[in-house]
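Just so it is clear, the values below take in all heavy atoms, side chains as well, and ignore hydrogens, waters and symmetry mates. Just so we're on the same page: letters track the sequence lines, and every chain starts at 1.
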Amino acid sequence: MEQYIPEKIEKKWRGVWERKKLWKVDIKKAKRPYYNLMMFPYPSAEGLHVGNVYAFTGSDIHGKFQRMQGFDVFEPMGFDAFGIHSENFAIKKGVHPKVQTAKNIKHFTEQLKQLGSLFAWDHALTTSEPEYYKWTQWLFLQLYKAGLAYRAKAPVDWCPSCKTVLADEQVINGKCERCSSEVLQKETEQWFFKITKYADRLLKNLETIDWSERTKIAQKNWIGKSEGAQLKFPVKNSNAKIEVFTTRPDTLFGATYMVLAPEHKFVDELKAQIVNWGEVQVYRDAAKKKSELERAEFAKEKSGVELKGVRAINPASKEEIPVFIADYVLASYGTGVIMAVPAHDERDFEFAKKYGLAITIVVCPHYPEKTCPILDKAYVGEGHLVGSGQFDGMSSEKARQEITKFVGGEKTERYHLRDWLISRQRYWGPPIPIIYCAKCGTVPVPEKDLPVKLPFVKEYRPEGTGKSPLASVSSFVNTKCPQCKGKAERETDVSDTFLDSAWYFFRYPSSDYKKGPFDEGITKKWLPVDMYIGGQEHAVLHLLYTRFITMVLHDLGFADFEEPFKKFRAHGLLTKDGAKMSKSKGNVVNPDEYFVKYGADTVRMYLMFIGPLAEAGDWSDKGIVGIFRFLNRVWTLAQEMKREKPKGKGLETVRHKTIKKVTEDIQNLRYNTAIAVLMEYLNEILGKKTEASLEDLETLLILLAPFAPHVPEELWNQLGHKDSVHNQPWPKYDPKLVQEEKIRLVVQINGKVRDIIEVQAGISEQEAKELALKNEKIQKWLQGKLPKRVIFVPERLINIVA
RNA sequence: GCCUGGGUGGCGGAAUGGUUUACGCGAAGGUCUCAAAAACCUUUGAGCGCAAGCUCGUGUGGGUUCGACUCCCACCCCAGGCACCA
């Protein structure tokens with residue numbers, strides 16, 4: 001073959017690799033297991049998105065590099081096929097989800113195979129297959145048995161367009177994550193997982209794992225731990241006490257009123273005392289009707305109603321204070337009640353101003369000066385206490401403890417994290433394996449009866465009745481109670497897609513295992529995952545759920561580790577013309593045409609060349625030819641060297657420098673600069689052809705192999721090698737040879753470059769100084785003056801301060 | 001409002017205290033060709049100058065330093081995330 005025709009050689013080598021099972025890893029016998037995971041795609045489109053290719057290539061380069069380091073790299077691929085994404089796409093096409101998803105997966109697979117990646121296809125899995133979701137249901141049952149899955153009536157977020165409830169994490173700015181419809185509040189019975197029980201562990205373990213810092217911060221913020229105190233406020237003429245959570249017990253003397261969330265049940269308990277019940281009722285109804293978004297917008301102007309007739313007693317100052325309901329207080333956080341300290345909280349300040357309530361300053365930033373300025377806004381910082389009886393003069397930090405103790409409060413923590421709502425009123429998901437029996441109550445499906453198969457039904461569209469379409473399938477709903485064998489009904493909700501993907505990495509190595517979700521020995525050998533590369537957009541959804549599920553499996557004795565991924569690196573978002581690719585904008589790049597025009601090698605390398613993996617960058621049709629030209633030049637060079645055996649002694653220094661830099665860059669996921677160095681190396685060889693050796697070329701091919709798997713393989717073969725280039729050990733560099741003999745020494749005067757001179761490497765300060773002072777240009781600048789000071793940076797520069 | 005990133009040629013980006021703009025794209029000129037494409041070679045931050053060369057230049061304004069894209073302070077802009085969480 002004299003000419004580089006990507007399509008031809010890529011097809012040829014994929015065939016050879018498949019026949020020879022080049023990428024095959026023996027799961028049982030592997031000596032140095034390395035689990036290289038990437039986020040499996042949603043097959044919710046006809047074909048692969050260039051963003052998928054970007055992510056998978058970034059991960060595959062890491063896998064191929066580790067393989068050449070001598071590891072047995074397991075790099076599985078699969079499909080997150082259940083769920084709203086795939087179902088919505090099928091509905092849009094008017095094709096049954098089962099049929100449409102199968103079609104999508106077929107095309108995805110064809111495209112994925114073109115990438116020349118390490119994918120372990122014999123371990124591929126699809127979450128919508130009964131062999132897989134059987135174990136998703138099994139997982140649900142384990143959580144149920146452990147008391148970590150419960151059904152409860154609660155106000156939840158409902159998407160009127162997707163016609164299902166959503167998890168807290170799936171509501172973005174009061175809108176549905178999938179379709180951007182405004183989310184409504186609905187009070188219904190739903191299934192939850194007790195992720196809040198793990199809040200503290202999810203937070204603490206972050207310190208022990210090697211993850212991208214920004215991902216850890218996002219999780220930390222989402223878990224949202226606040227330390228504070230729980231305090232009790234007695235109600236006048238009643239035995240009742242109102243409990244509040246506050247992070248600032250030091251400001252207790254400044255609490256001049258209290259606010260309950262409008263829907264708080266305590267309001268009903270106080271009904272007898274409330275003299276303006278009608279007014280209260282009107283406000284509560286109005287608040288109930290609002291969506292979260294409206295309530296937040298409304299918040300620009302705070303509103304509320306006083307519960308007239310009810311007075312609370314500030315436990316510190318013993319003063320009587322009024323009690324309000326207002327929708328700026330959320331029922332779902334803390335106790336649903338706050339002590340309002342208008343002088344030291346912006347929201348309370350705004351409310352107090354509007355309703356003319358007392359604003360008492362109790363933390364002074366100017367202490368010991370007695371005069372504290374009259375506030376035009378709340379002072380939320382630290383300081384020393386004033387107007388707080390015996391605590392006056394104490395630092396606010398210390399007073400947090402002391403005042404809590406003084407009023408008999410309890411030190412406590414609160415989290416932003418809510419329990420994970422996992423039931424969905426949709427069709428395309430694993431049915432929740434629960435049976436309701438009039439006699440026995442809620443009965444879990446026995447494990448031997450799994451899977452509870454999702455029936456193939458004609459009417460799969462969501463109905464909007466608040467129930468899954470499965471509720472209309474009587475052959476599914478009607479069943480026998482596993483306990484009393486009497487008539488019973490099945491749960492008709494399915495579980496959240498994020499449950500499918502919360503444990504898939506456990507299944508991959510054991511994909512054929514029949515006796516359980518995963519084989520114990522295999523799991524011990526391969527897990528936890530060594531490297532996980534994926535999108536930052538999953539920082540608080542998928543990644544938090546996987547950690548939670550892994551902790552649960554650990555606690556139940558199914559795993560001997562509690563963190564699923566030793567290393568996680570987030571890749572950036574690939575854009576087109578500076579904007580996120582989306583179907584609505586019509587700027588989605590389909591990789592197929594580029595595979596045909598330039599080949600997968602060029603597409604892979606170009607994607608990695610755009611920018612650092614963690615930051616991604618902008619796809620441009622123009623830049624891709626640069627990579628294509630580069631591969632062509634490598635090809636031409638190889639043809640020449642094949643014909644006229646090179647007789648040069650080799651470019652030793654530059655070769656070793658290249659090995660060093662490429663190795664370090666790959667380790668740091670700086671693929672863009674690694675490629676740049678390979679280009680420089682090639683330019684160097686082309687410029688000094690008579691000195692170059694065959695080893696120079698062969699090293700280039702090996703270093704290139706992880707990025708562009710096909711071309712180097714073909715050329716390696718043309719050079720007469722029988723074994724694959726991918727089986728070559730990664731080259732090592734000699735630190736002694738990396739050092740150049742001559743270096744360019746920068747000569748500065750007062751920090752400005754005046755000359756650059758070539759000198760022997762390792763030149764001493766004395767020699768450099770002499771050379772510099774003798775230098776004509778420098779003498780011209782010095783004009784006979786003596787230097788005040790000379791700064792010498794070995795191997796770099798000499799700076800003369802005059 | 002808070003939390004993350006980021007702001008460098010015509011463009012993607014490189015350099016994390018020491019030659020600003022590596023590598024690539026684009027552009028201009030040339031070689032080859034009847035011609036074109038491809039390939040190859042040269043030039044390519046701005047301004048001044050015949051030239052040697054000089055001055056300016058990494059969002060803005062200050063500071064530290066022999067020396068700042070890099071460190072510190074204040075601010076502006078862009079992208080992403082969170083948001084009445086008490």
Problem - No-H, no-angle donor-acceptor pair, A/K622 side chain to B/C11 base, under 3.5 Å - result: no
Handout entry: Any donor-acceptor N or O pair under 3.5 Å, side chains A/Q219, A/K216
Key = no
Completion exercise
Note: A/A708 and A/M605 closest approach over all heavy atoms is CB-SD, 3.9 Å
Handout entry: Inter-nucleotide C1' distance (B/A14, B/C69), Å rounded
Key = 11 Å
Exercise for the section: Find the distance A/Y671:OH to B/A14:C1' and express it as a whole number of Å. Expected result: 19 Å
Problem - Nearest-angstrom distance, C1' atom, B/U65 to B/C50 - result: 40 Å
Handout entry: Interatomic distance at C1', B/U21 relative to B/C11, whole Å
Key = 13 Å
Exercise for the section: Would you name the heavy atoms of A/M39 and A/G534 that are closest together and state the gap between them? Expected result: SD-CA, 3.6 Å
Practice task
Would you indicate what A/N799 reaches in the nucleic acid, counting non-hydrogen atoms under 4.0 angstrom: base, sugar-phosphate, or nothing?
Solution key: base
Exercise for the section: Would you mind classifying the nucleic acid contact of A/S620 as base, sugar-phosphate or nothing, using non-hydrogen atoms under 4.0 angstrom? Expected result: nothing
Exercise for the section: Could you state the atom-to-atom distance from CD of A/E680 to C1' of B/A15 in whole Å? Expected result: 12 Å
Problem - Among B/C23, B/G18, B/U19, the nucleotide that comes nearest once only the side chain of A/N683 is considered - result: B/C23
Practice task
Consider the side chain of A/V801, meaning its heavy atoms from C-beta on, and name the nucleotide among B/C66, B/A14, B/G24 that approaches it most closely.
Solution key: B/C66
Exercise for the section: For B/G5, take OP1 and OP2 only and decide whether either is under 4.0 Å from a side-chain N or O of A/R214. Expected result: no
Exercise for the section: Select base, sugar-phosphate, or nothing to describe what A/I610 touches, counting heavy atoms under 4.0 Å on all strands. Expected result: sugar-phosphate
Practice task
May I ask you to verify if any side-chain N or O of A/R629 is less than 4.0 angstrom from the OP1 or OP2 atom of B/A39?
Solution key: yes
Practice task
For residues 755-767 of chain A, pull every pair meeting salt bridge (Lys or Arg N to Asp or Glu O under 4.0 Å), keeping only residues two or more places apart or in separate chains.
Solution key: A/D755-A/K777
Completion exercise
From CD1 of A/I675 across to C1' of B/G24 the rounded distance in Å is 10 Å
Exercise for the section: Describe the nucleic acid contact of A/V746 in one word from base, sugar-phosphate, nothing, applying a heavy-atom distance below 4.0 Å. Expected result: base
Exercise for the section: Could you check which of B/C23, B/A86, B/C82 has an atom nearest any side-chain atom of A/V329? Expected result: B/A86
Exercise for the section: Please state whether the phosphate of B/A39, meaning OP1 or OP2, lies under 4.0 angstrom from any side-chain nitrogen or oxygen of A/R633. Expected result: no
Fill in the blank from the handout: Between CG of A/L613 and P of B/G5 the distance, given in whole Å, is 17 Å
Handout entry: Nearest to side-chain heavy atoms of A/Y333, which nucleotide of B/A83, B/A86, B/G13
Key = B/A86
Problem - Closest non-hydrogen atom pair, A/Y54 against A/P612 - result: OH-O, 3.8 Å
Problem - Any A/S226 side-chain N or O less than 4.0 Å from OP1/OP2 of B/A86 - result: yes
Exercise for the section: Just label B/G9 as syn or anti from its O4'-C1'-N9-C4 or O4'-C1'-N1-C2 angle, using within 90° of 0 for syn. Expected result: syn
Handout entry: Side chain A/Q748 and base B/G18 donor-acceptor under 3.5 Å
Key = yes
Handout entry: OP1 or OP2 of B/G67 under 4.0 Å from side-chain N/O of A/R796
Key = no
Handout entry: Complement of B/U60, any strand, by Watson-Crick or G-U distances under 3.5 angstrom
Key = B/A74
Exercise for the section: Between B/U64 and B/A68, how far apart are the C1' atoms? Round to whole Å, please. Expected result: 10 Å
Handout entry: Gap in Å between the two P atoms, one belonging to B/U60 and one to B/U8, rounded
Key = 10 Å
Practice task
Return the value, rounded to whole Å, for the distance between atom CG of A/L797 and atom P of B/C66.
Solution key: 15 Å
Completion exercise
Partner of B/U44 under the Watson-Crick or G-U wobble criteria, both distances under 3.5 Å, comes out as B/G26
Handout entry: Nearest to side-chain heavy atoms of A/E615, which nucleotide of B/C23, B/G6, B/A86
Key = B/G6
Exercise for the section: Return the value, rounded to whole Å, for the distance between atom CD of A/E758 and atom P of B/U19. Expected result: 17 Å
Problem - Residue-phosphate contact under 4.0 Å: A/H344 side-chain N/O, B/A86 OP1/OP2 - result: no
Handout entry: Per A/R754 side chain, nearest of listed nucleotides B/G13, B/U19, B/C54
Key = B/C54
Practice task
Answer yes when A/K688 and A/E684 have at least one side-chain N-carboxylate O distance shorter than 4.0 Å, and no when they do not.
Solution key: yes
Completion exercise
Nearest heavy-atom contact between A/I338 and A/V244 is C-CG1, 3.7 Å
Handout entry: Inter-nucleotide P distance (B/G12, B/G30), Å rounded
Key = 30 Å
Handout entry: Shortest side-chain distance from A/K752, nucleotide among B/C56, B/G24, B/A14
Key = B/C56
Handout entry: For atom CZ of A/F630 and atom P of B/C23, their distance in whole Å
Key = 13 Å
Practice task
Determine: side-chain N/O of A/R670 to OP1/OP2 of B/A14, distance under 4.0 Å, yes or no.
Solution key: yes
Exercise for the section: Can you tell me the distance, in whole Å, between the CG atom of A/D665 and the P atom of B/A14? Expected result: 11 Å
Handout entry: Close aromatic pair by centroid cut-off 6.0 Å: A/Y606 and A/Y598
Key = no
Exercise for the section: Please report the shortest heavy-atom distance between A/T663 and A/I659, naming the atom on each side. Expected result: OG1-O, 2.5 Å
Handout entry: A/I217 side chain, from C-beta outward: closest of B/C3, B/C66, B/C23
Key = B/C3
Handout entry: N or O in side chain of A/N672 less than 4.0 angstrom from B/A14 OP1/OP2
Key = yes
Handout entry: Proximity to the side chain of A/D327 - top-ranked nucleotide from B/A86, B/C3, B/C84
Key = B/C84
Handout entry: Closest nucleotide among B/C3, B/U19, B/C84 to the A/K302 side chain
Key = B/C84
